[in-house]
Structures are given as structure tokens and as C-alpha cells.
Amino acid sequence: MEDRNIASQLEELRAQGLWRELRPLDEVDGAIVRSGGREWVNFSSNDYLGLAGSSELRAALEDGVSKYGAGSGASRLVCGTHRVHLELEEALADFKGAEAALTFSSGFAVALGTIPALVGSGDTIILDKLCHASLVDAARLSGATIRVFPHNHLDKLERLLNTAKERVLVVTESIFSMDGDAAPLREIVDLKEKHGAWLLVDEAHAVGLLGPQGRGLAAQLGVDQLVDLHLGTLSKAFGLSGGYLAASRQVIDLLVNRARSFIYTTAPPPALAHALCVALKIIRGPQGEALREGALGNMARLRGNLHHAQRKTPEAPAAIMPWLLGDETSAFVASRKLGDAGFLAPCIRYPTVARGAARLRITVGAAHSTGQIDALAQALQTL
Ligand SMILES: *Cc1c(COP(=O)(O)O)cnc(C)c1O
């Protein structure tokens with residue numbers, strides 16, 4: 001299939017410095033990735049606790065396959081629900097302090113299934129400007145009226161709450177994926193309580209890392225019991241893949257009946273659910289505690305090293321640090337220079353972030369050594 005319109009779109013992407021392409025890796029070995037005979041220290045993974053390659057999860061997945069086989073065979077409502085899927089959901093509900101939880105194939109699928117099941121035309125969704133694409137797409141799909149407040153802007157959020165009628169769903173992330181900063185969750189919870197709105201918090205970058213047992217930022221701030229809908233991914237700190245929504249039993253029952261991205265897709269392999277149960281135990285236990293300390297300690301060390309760098313490094317309570325460069329081409333060049341120096345830190349450009357807000361998105365994890373952290377800091381300062 002050849003098409004002039006597609007060709008011109010591709011040309012335009014290249015001309016604007018927005019071209020993206022896939023880079024296959026040959027091997028991932030802790031914080032090191034290898035490809036085509038070269039190797040880099042990886043500062044771009046969301047595997048914050050280093051569980052993806054861990055011997056524990058490899059063994060758990062193998063054990064799951066030998067117990068349950070490779071695939072699930074059907075959607076959850078047909079004949080794809082194995083007991084281990086329910087065990088995982090009970091464990092996640094307990095972890096999040098919620099009545100119930102439902103797992104999906106990915107975090108993206110959680111948003112797409114949940115939001116349109118709960119609100120629709122006549123309702124209003126109020127989103128933080130920097131909310132993840134999955135939340136934005138889900139809001140559009142729902143048919144509700146969409147209102148957006150500037151990032152973390154409480155006054156504007158309150159004004160939107162004042163004017164909204166009918167049912168209102170407020171949506172935010174707890175730790176923002178491209179900026180690494182935190183939402184003022186206590187204040188947002190106060191506002192949504194005052195206005196009788198529902199609140200969905202996407203904890204993709206906080207769960208596993210923050211709060212008691214890694215339960216997330218809402219738990220750390222002591223407001224988790226007031227969050228109506230807890231969205232999370234099993235693809236980042238959990239080291240595997242999938243997503244969950246934890247909420248009241250009533251909401252979960254509704255999702256089982258109405259969430260299209262849950263109903264009309266094949267259940268994730270039961271072996272994966274088995275390995276996720278093991279990952280959750282690790283995260284909640286002393287090993288998880290040590291890994292959290294390692295990851296957050298590495299971020300503190302990186303920020304300490306960059307203290308005198310001129311460039312703005314916003315407060316990063318979790319494990320993400322944006323290195324802002326502005327224009328798309330500069331970010332691309334900076335990423336390539338870092339790559340030549342042996343560090344993998346891909347540039348993030350429009351449409352993932354606003355035009356002119358291109359950046360390197362640097363993530364650190366428990367698997368990095370202090371030597372690797374210090375070397376990255378040096379390389380960043382000589383860009
Ligand atoms: C990664 C991410 C998701 C999607 O999770 P997946 O499991 O990767 O589909 C959702 N929300 C945020 C904020 C994310 O960063």
C-alpha cells in the first residue's frame with residue numbers, strides 16, 4: 001500500500017524533528033541494554049524496582065506456565081477466568097485498601113474500559129492538562145463533556161467544579177509520567193469531597209515506589225480512602241504487564257458488565273496472574289522496601305549531583321527526572337549525544353509533551369549502581 005498522503009505525513013514528521021522509530025534490543029541485563037554489539041546504561045525504563053529481569057519473577061512465570069499452561073483461551077466472561085485471576089484481584093484490592101479490584105491486559109485498557117463505563121454524555125470529566133494519553137482517549141470515548149485544568153492548578157480546578165453540573169469525574173495522575181512531579185492530592189481530595197465529584201487517580205509511576213508497602217502516593221498522604229477509583233499498571237514497578245482498577249464492589253461489578261476493553265478481549269495468561277501475585281508479595285515485603293530505598297536513593301543522588309547544573313530540574317519525589325531542552329531537534333541531538341556516551345535516555349517530543357517542551361526523560365531504578373548514576377550526571381552537564 002503506497003499513498004501520497006501518508007508519504008507527505010511522514011515527510012512532515014521528519015522535517016519537524018518528530019520522527020520516531022523502533023530500536024530492537026538484543027539483550028537487557030539489569031540496567032544494561034545491548035544492541036548490535038554495543039551497550040548502554042538504560043535510563044529510560046519504568047521497571048523501577050528491577051523486577052522485570054529478576055530471578056524471582058522469571059521463576060514465577062515459569063512456575064505459572066507449568067501450572068496453568070501458556071494462554072487463557074478466551075475472554076474473562078467466557079471461560080478465561082482462572083482462580084488465580086481472582087486471587088490476584090483480591091490481593092490487589094487488599095493492597096490498595098479497596099473493596100474490590102479488576103485486572104485488564106494493560107493500564108491503557110483500564111482507562112479505556114473504566115471511564116466510558118462510569119460517565120457519558122451529560123456528565124463532565126475534569127482532567128489535569130498533563131494526564132496520560134490513555135486517560136484523554138478514554139474521556140473522549142465516553143462522550144462526556146471534557147474540561148481541562150492547567151497542570152496542578154487548584155484554583156482553576158475549583159472554578160471548573162463550580163460550573164459543572166450533573167455527575168463530575170476528576171482525573172489526575174499522582175506522579176506525572178513525563179514531569180515526575182506530584183499532584184497535590186490532599187487538596188484535590190478536599191475539592192472533590194466539597195463538590196461531591198468522583199476522583200480517579202492514576203498511580204502508574206507511584207505504585208511500588210511510594211507509600212507504605214509501595215501502595216502509592218495517595219496512601220503516603222493518607223488520603224487513599226477518599227480516592228474513588230485507583231488506577232494502576234502492572235507493567236512498570238511490577239515488572240510484568242497488565243493494569244488494574246481498584247474501587248468499591250459496586251464499581252467493579254459495573255465494570256465486569258460494561259467495560260468493553262475488559263469484556264471483548266482475551267484474558268491475560270493465568271501464568272501472568274500467578275507471577276503478578278509473586279511480584280505483589282515482593283513489593284509489599286522487605287525486599288520491596290529495600291528496592292524502593294535503592295531506586296529513590298539513586299534519584300536523590302542524581303539530583304544531588306546536578307544541584308549546580310543551570311538547567312531546571314523540577315522536584316522529583318519519585319524516579320522520573322525531566323531534562324528540559326525545549327525544541328524538538330535539540331532534544332533529539334542531546335539524546336543522540338548521550339547515546340554516543342553510552343547512556344540510553346530517549347527524547348520525548350510532541351505529541352507526548354507540548355510543542356517546544358521537548359526533553360530527555362530520565363528514569364532511575366534500583367538496578368543502577370552509584371557509579372552509573374554519577375557518570376550520567378557528568379554526561380548531562382557536558383551536553
Ligand atoms: C504507562 C502508563 C499507563 C499505561 O499503562 P500500561 O500498562 O503501560 O498500558 C497509564 N497511565 C500512565 C500515567 C502511564 O504512565
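Keep in mind the model is a prediction, meaning the values are calculated, not measured. When a ligand or atom number is given, it counts from 1 through the structure's own listing order.
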Checklist entry - Parallel, tilted or perpendicular: which describes the rings of Phe43 and Phe343, with under 30° parallel and over 60° perpendicular? => result tilted
Next on the checklist: Under a 4.0 Å threshold between the charged nitrogen and the carboxylate oxygen, would Arg34 count as salt-bridged to Glu27?
Outcome noted: yes
Item to check | Least distance between heavy atoms, Arg23 atom then Pro346 atom | outcome: NH2-CG, 3.6 Å
Checklist entry - By number and element, which atoms of ligand 1 are closer than 4.0 Å to a non-hydrogen atom of Ser177? => result 15 (O)
Checklist entry - Is it the case that Arg359 places NZ or CZ above or below the six-membered ring of Trp323, under 6.0 angstrom from the centre and within 45 degrees of the axis? => result no
Checklist entry - Side chains of Ile32 and Val41: closer than 4.5 Å at any heavy-atom pair? => result yes
Checklist entry - What atoms of ligand 1 come closer than 4.0 angstrom to any heavy atom of Ala204? => result 11 (N), 12 (C), 13 (C), 14 (C), 15 (O)
Item to check | Per-atom contacts, ligand 1 versus Ser235 - under 4.0 Å to a heavy atom | outcome: 6 (P), 7 (O), 8 (O)
Item to check | Arg284 vs Asp94 side-chain heavy atoms within contact, under 4.5 Å | outcome: yes
Next on the checklist: If the cut-off is 4.0 Å to any non-hydrogen atom of Glu173, which atoms of ligand 1 fall inside it?
Outcome noted: 13 (C)
Next on the checklist: I'd like to check which ligand 1 atoms, numbered from 1 as shown, lie under 4.0 Å from a non-hydrogen atom of Gly242.
Outcome noted: 7 (O)
Checklist entry - What distance do Leu199 atom CG and Leu226 atom CG have between them, rounded to the nearest 0.5 Å? => result 9.5 Å
Item to check | Centroid-centroid distance, His205 to Phe176, less than 6.0 Å | outcome: no
Checklist entry - Can you tell me the protein heavy atom closest to atom 2 (C) of ligand 1 and the distance? => result Lys236 NZ, 2.4 Å
Next on the checklist: Using a 4.0 Å cutoff against the non-hydrogen atoms of His205, which atoms of ligand 1 qualify?
Outcome noted: 14 (C), 15 (O)
Next on the checklist: Out of the candidates Leu234, Val207, Leu102, Leu276, only one should pair with Leu92 under the side chain to side chain contact (heavy atoms under 4.5 Å, CB included) rule; please name it.
Outcome noted: Leu234
Next on the checklist: Show the atoms of ligand 1 that are less than 4.0 angstrom away from any heavy atom in Phe108.
Outcome noted: 4 (C), 5 (O), 6 (P), 9 (O)
Item to check | Close approach, Ser241 and ligand 1, non-hydrogen under 4.0 angstrom | outcome: no
Checklist entry - Can you tell me the protein heavy atom closest to atom 6 (P) of ligand 1 and the distance? => result Gly107 N, 3.3 Å
Checklist entry - Hey, which atoms in ligand 1 end up nearer than 4.0 Å to a heavy atom of Thr233? => result 5 (O), 6 (P), 7 (O)
Item to check | Heavy-atom nearest option to atom 10 (C) of ligand 1, drawn from Asn46, Leu130, Val110, Asp202 | outcome: Asp202
Checklist entry - With a 4.0 Å cut-off on heavy atoms, is Ser134 touching ligand 1? => result yes
